[in-house]
Protein chains: 2
Amino acid sequence: MRLLPVDEIQIDLPIVNDSGGAERAERCDAAANRARILAVAERLMSVRGVAEVTMADIARAAGVGQGTLYRRFANKGELSLALMDRQFREFQDTVMRQINWMVGARAARLGQLEWVLESLIGFAEKHSALLCEAERGGVDVPNAGPQAPPMMWQYLTIRGLLQAAVDAGEVSRETDVPVTADMLLAPLHPSTFSFYRRARGYSIERINAALRRIVGHLPR
Amino acid sequence: MRLLPVDEIQIDLPIVNDSGGAERAERCDAAANRARILAVAERLMSVRGVAEVTMADIARAAGVGQGTLYRRFANKGELSLALMDRQFREFQDTVMRQINWMVGARAARLGQLEWVLESLIGFAEKHSALLCEAERGGVDVPNAGPQAPPMMWQYLTIRGLLQAAVDAGEVSRETDVPVTADMLLAPLHPSTFSFYRRARGYSIERINAALRRIVGHLPR
DNA sequence: ACTTTAAGTGGACAATTGTCCGCTTCGTGT
DNA sequence: ACACGAAGCGGACAATTGTCCACTTAAAGT
């Protein structure tokens with residue numbers, strides 16, 4: 001993950017880089033195993049539910065040892081994230097393209113921010129089970145939990161748009177952009193969002209509307 | 001936990017009821033064990049750190065079986081919560097008394113809300129390790145995790161004050177009070193707050209200021 | 001004092017995550 | 001072709017949380 005300036009839209013938005021490029025290629029037996037593991041995991045989880053499948057189940061069904069499984073995916077969260085990888089990239093593409101289009105249409109920055117948050121709510125809803133698994137992982141472990149690239153991308157995107165809104169004078173220059181971006185995202189943390197939906201029973205529309213009101217009324 | 005109308009301040013604020021009152025009293029050997037367990041747990045955790053002490057450690061050091069330990073405290077979270085019980089009650093008292101005083105002084109509802117949030121930030125900071133343990137526990141398990149009485153009290157208090165602010169015309173009547181209250185609290189969820197402090201490195205002051213700006217600019 | 005019984009007790013056991021480490025195999029350089 | 005080292009492999013094992021259940025005991029009624 002690194003920051004790239006996207007000239008057309010004059011703000012810094014993140015892109016996810018699939019690899020540093022410097023690492024040695026994966027051995028092909030290993031690649032075959034990885035593919036098999038992912039296929040098996042997807043099938044098992046879709047049949048029995050994400051939380052009801054254990055790492056041992058997956059290893060057994062894929063015909064590999066647990067050591068092999070853990071060599072590829074450091075923990076269940078990383079595996080869950082890998083299962084979403086393609087859909088996440090597509091989601092990311094869609095969002096970036098839409099942002100570019102909105103910029104072309106001279107849309108307000110805050111409007112873009114609201115649109116992205118709504119999209120993120122949709123994504124959180126669709127993949128809440130996998131995301132909840134992915135969320136676990138030490139808070140300070142570099143590439144796990146909230147620091148995993150997809151979560152980081154969400155944060156950097158929101159932060160970038162909020163900063164753009166500040167630069168455009170739509171939001172006060174006093175705003176603490178990094179902290180505020182985190183706060184806008186806090187209700188979308190997988191376990192929090194899942195709590196709202198299941199335990200509190202809030203509809204997606206209510207969640208979206210309430211968040212929109214907050215964003216739409218940031219100072220200035 | 002039930003709601004009581006507090007007449008002096010004309011809003012519904014929650015109080016925690018220690019027990020329904022109908023249950024048979026605890027056998028005295030059991031009470032002694034509970035006290036010993038709590039004392040031992042407190043000592044072990046203060047010496048080695050909350051996360052580094054296991055339930056088995058505590059049972060061993062307290063001279064009871066694990067079954068006994070789990071009979072009193074259904075999981076590590078409940079034990080952690082019990083360790084905070086006294087400090088939490090004192091905190092709760094302080095907050096309620098301050099609210100009453102502020103009401104007497106005709107302070108703005110939003111000001112009260114901001115003050116409570118600041119207090120909650122202080123509490124989250126002081127007890128973050130124990131709160132992080134307490135947080136774990138299924139999202140839909142009635143009295144665990146986010147549904148545990150102390151968390152519920154936080155939520156009901158914030159929601160009550162926000163509703164009062166709406167009733168007083170300080171915030172738009174369109175506001176979705178339950179959802180918005182949850183969103184104001186989301187950044188204070190133990191693991192989220194801990195992430196801000198440790199991984200992001202935000203100071204308490206920045207967190208408080210950013211939250212205050214959001215509260216202070218809710219619509220209307 | 002004696003009986004009764006619900007509550008309490010303890011430790012074995014299940015379930016799960018994640019680690020370790022000796023053995024195997026790929027693929028690369030010679 | 002062949003040797004060699006890094007990468008891969010797998011299953012035993014450690015750690016931890018939480019459950020179960022046969023046994024024990026406090027304390028209330030007679």
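Letters A, B, ... are given to chains in the order of the sequence lines, protein chains preceding strands, and every chain is numbered from 1.
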Residues in ring pair (Phe, Tyr, Trp, His ring centres under 6.0 Å) contact with Tyr202(B), at least two apart in sequence or another chain: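 By the ring pair (Phe, Tyr, Trp, His ring centres under 6.0 Å) rule, Tyr202(B) matches Tyr196(B).
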When you compare the side chain of [Y] with that of [X], does any pair of heavy atoms fall below 4.5 Å?
| X | Y | result |
| --- | --- | --- |
| Gln154(B) | Ile158(B) | no |
| Leu120(A) | Leu185(A) | yes |
| Asp182(B) | Val179(B) | no |
| Phe193(A) | Ile121(A) | yes |

Begin with the C-alpha distance, continue with both residues' side-chain angles, and end with the deciding distance and a verdict on salt bridge (Lys or Arg N to Asp or Glu O under 4.0 Å) for Arg89(B) and Asp93(B). CA-CA 6 Å; Arg89(B) 278 169 201 277; Asp93(B) 273 3; over 6 Å; no
Does anything in [range] pair up under salt bridge (charged side-chain N to carboxylate O under 4.0 Å, His left out), and if so which pairs, sequence neighbours excluded?
| range | answer |
| --- | --- |
| residues 206-216 of chain B | Asp176(A)-Arg206(B), Glu114(B)-Arg212(B), Glu118(B)-Arg212(B) |
| residues 67-82 of chain A | Glu26(A)-Arg72(A), Lys76(A)-Glu133(A) |
| residues 119-130 of chain B | Glu125(B)-Arg197(B) |

Taking all non-hydrogen atoms of both residues into account, name the closest pair between Pro146(B) and Glu135(B) and its distance.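 Minimum heavy-atom contact is CD-O, 4.2 Å.
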Measure from the side-chain N and O atoms of [X] to the backbone N and O of [Y], and report whether any donor-acceptor pair falls under 3.5 Å.
| X | Y | answer |
| --- | --- | --- |
| Asn208(B) | Glu205(B) | no |
| Ser46(B) | Arg43(B) | yes |
| Arg159(B) | Pro178(B) | no |

What string of B, S and - do you get for nucleotides 22-27 of chain D, 5' to 3', if B is base contact, S is sugar-phosphate-only contact and - is no contact with any protein heavy atom under 4.0 Å? ---BSS
According to salt bridge (charged side-chain N to carboxylate O under 4.0 Å, His left out), who are the partners of Arg97(A), at least two apart in sequence or on a separate chain?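 With sequence neighbours excluded, Arg97(A) shows a salt bridge (charged side-chain N to carboxylate O under 4.0 Å, His left out) to no residue whatsoever.
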Using the salt bridge (charged side-chain N to carboxylate O under 4.0 Å, His left out) criterion, which residues pair with Arg27(B)? Sequence neighbours excluded.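 Listed in chain order: Asp29(B).
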Contact under 4.0 Å: [X] side-chain N or O vs [N] OP1/OP2:
| X | N | answer |
| --- | --- | --- |
| Arg60(A) | dG10(D) | no |
| Asn33(B) | dT9(C) | yes |
| Lys76(A) | dT17(C) | yes |

At a cut-off of 3.5 Å, list every protein nitrogen or oxygen paired with a nitrogen or oxygen from nucleotides 1-3 of chain C, distance to 0.1 Å.
none

How bent is the helix from dA1(C)-dT30(D) to dT30(C)-dA1(D), comparing axes over its five end pairs at each side, to the nearest 10°?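 Rounded to the nearest 10 degrees, the bend comes out at 0°.
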Starting at [atom1] of [X] and ending at [atom2] of [N], how long is that distance when rounded to a whole Å?
| X | N | atom1 | atom2 | answer |
| --- | --- | --- | --- | --- |
| Arg34(A) | dC26(C) | CZ | C1' | 17 Å |
| Leu69(A) | dG8(D) | CG | P | 14 Å |
| Ile37(A) | dG8(D) | CD1 | P | 12 Å |

Using a cut-off of strictly less than 4.0 Å between a heavy atom of the residue and any atom of DNA chain D, enumerate the qualifying residues of residues 40-59 of chain B by number.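 Heavy-atom contacts with DNA chain D come from Thr54(B), Met55(B).
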Check: protein-nucleotides 19-23 of chain C nitrogen or oxygen pairs below 3.5 Å:
none

If the condition is side-chain hydrogen bond (donor to acceptor under 3.5 Å, both in side chains), which residues does Gln87(B) pass it with, not counting sequence neighbours?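 Here no residue qualifies.
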